[in-house]
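Below you'll find the structure, written out as structure tokens, and then a few comments.
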Amino acid sequence: MRTNWASATAIALFLSLSTSAAHAEEVTAWRLFISDHADPKVTVVDAVDGEKLDTFHLKGPASLHRSESGRTVFAVQGAAGVVTGIASGISFEDHGEHGDIDVEAPKLAGVEIAGKKPSHFVEHDGDLAAFFDGEGVARIIPRRPFWKANRISGK
């Protein structure tokens, strides 16, 4: 796979799990999300073995923003007027004395936030803020109703 790094945005997701000594198992997962600024697509690569996992075709070139949990990557497509959620396929559940990591295929999360010229996107304590420069507004999206309604894994 050839990538022009000067015209790409990449986000690496890393989750590692060390279980108790009784289980002595360690699981590590790395995903690299690469947005092509010339073509409207995001390519996901397994950063451990270099295997291309998937390519998601979008409505416009995107800048990428990772959720706090690492479960979702948001593709902000300013020229196309939309923010698209992509499920990373990696989730981690902390149970105190141990944790569970679940690694699945990445997929489109089935959610889009539309508006004129989205430019910034942040998450703080699970709530989302999408800034739309073309409208001069920021939309605050509370975590629970949004995550549940759109079947996105939050914290």
Side-chain angles (χ1 to χ4, degrees), residues 3 5 8-19 26-37 39-49 51-96 98-135 137-155:
T3 303
W5 292 104
T9 300
I11 290 183
L13 295 177
F14 167 73
L15 290 173
S16 179
L17 168 65
S18 295
T19 58
E26 185 172 310
V27 177
T28 303
W30 283 86
R31 297 265 164 94
L32 184 62
F33 289 74
I34 305 162
S35 173
D36 188 321
H37 285 208
D39 292 325
K41 64 183 179 181
V42 172
T43 301
V44 185
V45 175
D46 182 318
V48 175
D49 64 16
E51 177 186 353
K52 181 172 99 171
L53 300 174
D54 211 334
T55 297
F56 300 105
H57 297 279
L58 305 173
K59 295 177 180 173
S63 61
L64 302 176
H65 301 270
R66 176 178 101 56
S67 69
E68 290 176 355
S69 68
R71 293 179 178 185
T72 309
V73 173
F74 293 96
V76 178
Q77 303 152 71
V82 69
V83 178
T84 302
I86 302 170
S88 71
I90 300 174
S91 62
F92 179 77
E93 297 294 329
D94 185 1
H95 299 286
H98 77 281
D100 296 322
I101 189 170
D102 188 28
V103 180
E104 300 175 333
K107 62 184 176 187
L108 290 175
V111 62
E112 288 189 340
I113 304 165
K116 292 182 183 175
K117 197 175 179 195
S119 58
H120 309 289
F121 193 87
V122 295
E123 179 185 6
H124 182 68
D125 290 333
D127 293 331
L128 306 174
F131 296 82
F132 293 89
D133 287 356
E135 300 172 37
V137 300
R139 292 195 184 100
I140 308 300
I141 303 143
R143 172 178 48 159
R144 296 208 192 285
F146 177 77
W147 296 118
K148 188 173 182 177
N150 293 291
R151 296 187 199 115
I152 295 179
S153 298
K155 285 186 170 182

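- A pairwise comparison of heavy atoms in Ile140 and Ala129 identifies CD1-CB, 3.7 Å as the closest pair.
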**Prompt:** Taking it one step at a time, do Ser63 and Phe121 satisfy side chain to side chain contact (heavy atoms under 4.5 Å, CB included)?
**Reply:** CA-CA 10 Å; Ser63 61; Phe121 193 87; over 6 Å; no
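- Under a 3.5 Å cut-off, the side chain of Ser35 and the backbone N or O of Ala62 do form a donor-acceptor pair.
- Listed for the His65 side chain is no donor-acceptor partner under 3.5 Å among the backbone atoms of Ala75.
- Contact detail for Gly81 and Pro118: the closest heavy-atom pair is CA-CD, 3.5 Å.
- Contact between Ala80 and Gly60 at its shortest, heavy atoms only, is CB-N, 3.8 Å.
- The backbone N or O of Gly70 lies less than 3.5 Å from a partner atom in the side chain of Ser88, making a donor-acceptor pair.
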**Asked** Would Val45 and Ile34 count as a side chain to side chain contact (heavy atoms under 4.5 Å, CB included) if you check the C-alpha gap in whole Å, the side-chain angles of each, and the deciding distance to 0.1 Å?
**Response** CA-CA 8 Å; Val45 175; Ile34 305 162; 4.1 Å; yes
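- At a threshold of 4.5 Å between non-hydrogen side-chain atoms, the residues Thr84 and Phe56 do not count as touching.
- We find the CG-CH2 distance between Asp49 and Trp30 to be 14.0 Å, quoted to the nearest 0.5 Å.
- Annotation: the span from Leu53 atom CG to Glu104 atom CD amounts to 12.5 Å, rounded to 0.5 Å.
- Atoms OG and CD1, from Ser69 and Ile90 in turn, are 10.5 Å apart once rounded to the nearest 0.5 Å.
- Gln77 and Lys59 get closest at one heavy-atom pair: OE1-N, 2.9 Å.
- When atom types are taken as modelled, the side chain of Arg139 and the backbone of Leu128 share no donor-acceptor pair closer than 3.5 angstrom.
- Closest of all the heavy-atom pairs between Gly134 and Lys117 is N-CB, 3.6 Å.
- Here the side chains of Pro106 and Arg31 are in contact, with some heavy-atom distance below 4.5 Å.
- In this structure, the separation between CG on Asp102 and CZ on Arg71 is 8.5 Å, given to the nearest 0.5 Å.
- Val103 and Ala29 get closest at one heavy-atom pair: CG2-CB, 3.9 Å.
- Lys116 contributes atom NZ, which lies 12.0 Å from atom CZ of Phe132 (distance to the nearest 0.5 angstrom).
- Ring geometry for His120 versus Phe131: interplanar angle over 60°, hence perpendicular rather than tilted (30 to 60°).
- Between the CG atom of Asp127 and the CD atom of Glu68 there is a distance of 9.0 Å, given to the nearest 0.5 Å.
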